[in-house]
Amino acid sequence: MKDLLRKAASRLTEPIPEFNIIYNTDLKFADVSTDIGFKLASLLKDNPNNIAQQVAQELKQMNHQAVGRVEVLKGYINIFYSQNYLEDIYSKIIKEDSIYGSHPKKKFRINMEFISANPTGPLHIAHGRQAIIGDVVSNVLTKAGYDVQREYYINDSGNQIEMLGKSLYVRYQQICGVNAELGENSYKGEYLIDLAKEFKEQYGDKYLKEPDLKLFKEFAAAKLLEQIKQTASKAGIKMDYYASQKQLENESKDKEIIGFLSSKGMAFEKDGALWAKSTSYGDDQDRVIRKSDGLFPYRVSDYAYHLDKFKRDFDLLIDIWGPDHHSHIKDVSSFLQFAGYDKDRFKVLIIQHCRVISGGKEVKMSKRNATFITLDELLDDIPRDVVRYFFSMRKPETHLDFDLDLAIKKSMENPVYYVQYAYARINSIFKKAKELDIKHSGEDLDFARLNQDERDLLRLLVRFPNFVEISAKELDPTPIVSYTMDVARSFQSYYQKADKDRSLAVLCDDVNAREARLKLLKAVQIVLKNCFDILGISAPDKM
RNA sequence: GCCCCCAUAGCUCAAUUGGAAGAGCAACGGAUUUCUAAUCCGUAGGUUACAGGUUCGAUCCCUGUUGGGGGUACCA
């Protein structure tokens with residue numbers, strides 16, 4: 001459509017300035033609008049409305065098969081699709097079914113890294129938000145034609161894991177009746193008591209006197225990772241690949257980083273530690289790359305990990321992090337640029353803070369002291385679909401209050417039921433049609449048999465690929481969510497009109513109208529189902 | 001101090017990213033012998049936090065101010 005407009009405008013003048021295709025939320029204006037009149041106005045020294053009139057005239061004369069009515073209003077050109085075009089799209093929806101809305105496959109590999117929680121405790125609700133947004137954005141990108149790998153980076157090495165091993169040992173001692181106290185930085189969650197019991201069942205009191213810290217660490221980390229995987233799967237999260245920090249270290253990838261920076265003259269000693277001269281390649285401050293105790297800080301293996309991802313041949317790396325890692329972006333990104341990778345090939349999506357509200361008060365969360373609500377517990381109380389929809393509803397970079405009381409209630413504030421109900425209702429109509437032995441099939445739709453509401457419904461379905469595109473571009477699930485609401489609302493509103501006027505019912509007496517309506521609803525159902533698939537929620541046959 | 005995020009209807013949020021401010025909930029009024037009322041229709045609700053700037057046009061971009069949240073380690 002944009003090319004078409006450019007062509008039409010080029011009959012007036014050249015070159016044509018950049019202009020926009022506008023998909024207004026309100027279908028009453030048009031299927032597609034454009035601001036080209038405004039853009040050309042200053043160039044041609046005429047008022048936008050006149051220019052728009054002229055472009056519209058040219059457009060009409062081109063007689064393109066997709067273009068129906070063309071109007072000019074307040075400087076905008078408003079274009080309505082032709083009947084033929086809408087009928088073609090209908091056929092496309094039916095033919096493509098679950099593929100409808102997908103964009104052509106691109107040879108562009110994206111690595112989407114998300115969750116990546118330390119295996120030192122269960123996932124909490126903030127992880128849940130990151131996990132679900134990561135999953136949904138991955139779905140959208142796949143739909144938009146990208147080749148996406150979902151990846152989890154396991155921080156199974158370093159201080160936190162040390163502390164985990166020590167904490168488990170203390171709990172183990174306590175289980176065995178030995179007096180022992182958790183330290184200041186210990187993991188205080190009760191889940192370690194359960195793990196200590198498991199440990200004792202497996203090993204008895206064999207390690208009480210001579211603790212094998214390596215065993216404690218590995219036992220705890222392996223068990224906790226297993227729990228995390230189970231929780232993720234409970235939330236419907238798909239993961240393709242698990243990368244391990246420990247493995248990178250075993251392969252000396254961290255040492256290679258030090259070697260690399262040293263060889264480039266970017267390392268210097270200070271206060272007994274080794275520093276990267278990162279300010280000379282774009283960072284805000286120099287960074288420690290070997291601590292004075294001889295160990296590498298987290299960032300070194302993180303550098304190594306991201307280089308490793310590039311070496312595995314991804315065109316774009318997307319990381320989803322919590323806001324507490326914000327300062328880490330510049331750190332990693334300036335290193336990657338120094339290592340020769342374009343800055344646009346590394347994107348970080350910061351998912352903002354997620355507060356949990358219960359009884360009108362915030363529930364404070366901390367992994368170290370035992371009070372927090374786990375994602376697992378949340379999923380016990382609240383259906384997966386609700387949780388997924390809730391977390392997808394708000395833009396990733398905004399703060400989110402998760403009100404437990406509201407989510408637990410099957411109230412109207414859970415719009416997921418609204419969209420699913422639309423799907424179930426359509427299903428119910430098909431069931432009824434089957435009982436009455438009413439036939440409806442085929443990939444063709446006679447537009448002339450649709451009334452205005454039905455035509456508008458079809459026009460809305462045509463927009464689905466646009467929403468996939470914008471959602472993928474913005475790495476944001478919310479456009480898909482609002483679109484799903486739009487489709488459901490349009491259907492519900494249309495459906496209800498039969499209350500007043502029986503001839504407006506889908507299963508009315510007019511055979512032709514009936515067939516056309518059933519066919520249309522088939523397409524509505526396909527689009528709803530495709531939206532649900534992206535969001536990872538179920539499409540219930542009945543509710 | 002410096003950096004990041006946020007501020008739109010009473011509440012929770014949209015607005016296809018610089019193009020025509022819109023939903024849901026709550027409130028009020030109405031619709032139920034149905035194709036599933038987990039629904040629909042209507043009413044009301046706005047100086048888009050404030051002040052400037054750029055633009056034909058700003059909720060969106062820039063500058064400043066206010067308020068809320070987060071970060072600013074030889075932790076991860």
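Throughout, a chain's letter reflects where its sequence line sits, starting with A, and its residues are numbered from 1.
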Listed pairs, N/O of protein and of nucleotides 41-43 of chain B, under 3.5 Å:
| residue | atom | partner | partner atom | Å |
| --- | --- | --- | --- | --- |
| B:C41 | OP1 | A:Ser493 | OG | 3.0 |

With respect to the side chain of [X], which nucleotide from [options] is positioned closest?
{"X": "A:His326", "options": "B:C75, B:C3, B:A15", "result": "B:C3"}
{"X": "A:Lys291", "options": "B:U72, B:G19, B:C74", "result": "B:C74"}
{"X": "A:Ser327", "options": "B:G71, B:C35, B:C40", "result": "B:G71"}

### Task
Say whether, by atom type as modelled, one donor and one acceptor occur between the side chain of A:Glu515 and the main chain of A:Asn512 under 3.5 angstrom.
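Judged by distance alone, no pair lies under 3.5 Å.
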Looking for any heavy atom pair under 4.0 Å, which part of the strands does [X] touch: base, sugar-phosphate only, or nothing?
{"X": "A:Ala433", "value": "nothing"}
{"X": "A:Lys330", "value": "nothing"}
{"X": "A:Ala41", "value": "nothing"}
{"X": "A:Asp271", "value": "base"}
{"X": "A:Thr34", "value": "nothing"}
{"X": "A:Phe467", "value": "nothing"}
{"X": "A:Asp35", "value": "base"}
{"X": "A:Asp156", "value": "nothing"}
{"X": "A:Asp46", "value": "nothing"}
{"X": "A:Pro297", "value": "sugar-phosphate"}
{"X": "A:Leu504", "value": "base"}
{"X": "A:His328", "value": "nothing"}
{"X": "A:Leu73", "value": "base"}
{"X": "A:Glu474", "value": "base"}

Regarding B:U17, purine or pyrimidine glycosidic angle vs 90° from 0 gives syn
Note, RNA chain B 5' to 3' with Watson-Crick or G-U pairs under 3.5 Å encoded as ( ), [ ], | and . gives (((((((..((((.....[..)))).(((((.......))))).....(((((..]....))))))))))))....
Please figure out whether A:Tyr298 or A:Asn427 has its closest RNA chain B nucleotide nearer the 5' end.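 Nearest nucleotide further toward 5': that of A:Asn427.
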On RNA chain B, compare the nucleotides closest to A:Asn20 and A:Phe296; which residue's is nearer the 5' end?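 Taking each residue's closest nucleotide, the earlier one in sequence belongs to A:Asn20.
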Residues passing the side-chain hydrogen bond (donor to acceptor under 3.5 Å, both in side chains) test with A:Tyr146, sequence neighbours excluded, are none
(request) Not counting sequence neighbours, which residues clear side-chain hydrogen bond (donor to acceptor under 3.5 Å, both in side chains) with A:Trp275? List them please. (result)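 In terms of side-chain hydrogen bond (donor to acceptor under 3.5 Å, both in side chains), with neighbours along the sequence ignored, A:Trp275 is linked to no residue.
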Residue list, ring pair (Phe, Tyr, Trp, His ring centres under 6.0 Å) with [X], at least two apart or on another chain:
{"X": "A:Tyr303", "result": "A:Phe335"}
{"X": "A:Tyr483", "result": "A:Phe464, A:Phe467"}
{"X": "A:Tyr494", "result": "none"}
{"X": "A:Phe19", "result": "none"}

Are the ring of A:Phe38 and the six-membered base ring of B:G57 within the stacking cut-offs of under 5.5 Å and under 30°? no
- Item | Aromatic-base stack, A:Tyr76 on B:A20, cutoff 5.5 Å, angle under 30 |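 Ring-base stacking flag set for A:Tyr76 and B:A20.
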**OP:** Using the C1' atom on both, measure B:G67 against B:A51 and round to a whole Å.
**Re:** 15 Å
Residues pairing under salt bridge (Lys or Arg N to Asp or Glu O under 4.0 Å) where one sits in residues 480-500 of chain A, two or more places apart or in two chains, turn out to be A:Asp453-A:Lys497, A:Asp486-A:Arg489
Next on the checklist: If the cut-off is 4.0 Å, is A:Tyr305 near the phosphate of B:A76, judged by side-chain N/O to OP1 or OP2?
Outcome noted: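 Checking A:Tyr305 against B:A76: no side-chain N or O falls below 4.0 Å of OP1 or OP2.
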A:Asp453 CG to B:C40 P, in whole Å, measures 14 Å
Q. To the nearest angstrom, how far is A:Leu40 atom CG from B:C56 atom P?
A.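 That distance rounds to 15 Å.
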Q | Sub-4.5 Å side-chain heavy-atom contact between A:Ser157 and A:Phe296 | A | no
(Q) Does atom CG (A:Asp293) have a neighbourhood of more than 12 heavy atoms from anything else shown, all under 6.0 Å? (A) yes
For this output row, return yes or no: ring centroids of A:Phe491 and A:Tyr495 closer than 6.0 angstrom.
-> yes
